[in-house]
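In what follows, every heavy atom counts, from backbone to side chain, and hydrogens, waters and symmetry copies are set aside.
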Amino acid sequence: QVQLVESGGGSVQAGGSLRLSCVVSGYTDSSGCMAWFRQVPGKNREVVSTFWLSTTWTYYSDSVKGRFTVSQDNAKNTLYLQMNSLKPDDTATYYCALDPTVGGCSRVPGPYTYWGQGTQVTVSS
């Protein structure tokens, strides 16, 4: 069975950095998309970044572009989200997701069928 396991969340001061990890097991196909989403209470889950597995093409939302970076370690079957210059508005629960469907990467949560457990990121001013 496909499983996604996240780690790396925590509490930091504004301007600090965190690196989130998403380890994928039970999935060996090179097709599909992975994504990072985040959610705060009372708001919809919003996309942070998407990563097309077959091409490594990466999308970043405007709110994080230039501060966050996605990378991949194929040997460890792991996707990373490096978060720099963190702001209080980045405070949220962050989720890793996988959509095995061949094609482009969605920027809404619906098509993603596998999710990590979520990890809390708190940025204080």
State, to 0.1 Å, how close [X] and [Y] come at their nearest heavy-atom pair, and which atoms those are.
X	Y	value
Trp115	Pro109	CZ2-O, 3.5 Å
Ala14	Ser125	CB-CA, 4.3 Å
Trp52	Cys33	CD1-SG, 4.0 Å
Gln82	Ser17	NE2-CB, 4.0 Å

Can you tell me how far [atom2] of [Y] sits from [atom1] of [X], rounded to the nearest 0.5 angstrom?
X	Y	atom1	atom2	value
Cys105	Leu53	SG	CG	7.0 Å
Met34	Tyr114	CE	OH	12.5 Å
Gln72	Leu79	CD	CG	6.5 Å
Tyr94	Leu81	OH	CG	7.5 Å

Backbone N or O of [Y] within a donor-acceptor pair of the [X] side chain at under 3.5 Å?
X	Y	answer
Thr91	Val123	yes
Thr58	Thr56	yes
Arg107	Val47	no

Just one of Phe68, Phe37, Tyr60, Tyr59 clears the side chain to side chain contact (heavy atoms under 4.5 Å, CB included) bar with Val48, so which one? Phe68

4.5 Å side-chain heavy-atom contact, [X] and [Y]:
X	Y	value
Thr69	Tyr80	no
Val64	Arg38	yes
Tyr27	Leu4	no
Val2	Thr113	no

Are the charged groups of Asp90 and Lys87 less than 4.0 angstrom apart, N to O? no

Examine Tyr95 together with Tyr112 and report whether their ring centres are nearer than 6.0 Å. no

Is Leu18 reachable from Val70 through a run of hydrophobic residues whose side-chain heavy atoms are each under 4.5 Å from the next? yes

Do Val12 and Leu20 share a hydrophobic cluster, counting only Ile, Leu, Val, Met, Phe, Trp and Tyr and linking them when any side-chain heavy atoms are less than 4.5 Å apart? yes

Counting neighbours of CG on Asn44 that are heavy atoms of other residues, nucleotides or ligands and sit closer than 6.0 Å, is the number greater than 12? no

Can you list the steps and then say if Thr78 with Ser21 is a side-chain contact (heavy atoms from CB on, under 4.5 Å)? CA-CA 7 Å; Thr78 301; Ser21 300; 4.2 Å; yes

For the side-chain hydrogen bond (donor to acceptor under 3.5 Å, both in side chains) test, which of Gln120, Gln117, Gln39 pairs with Thr93? Gln120

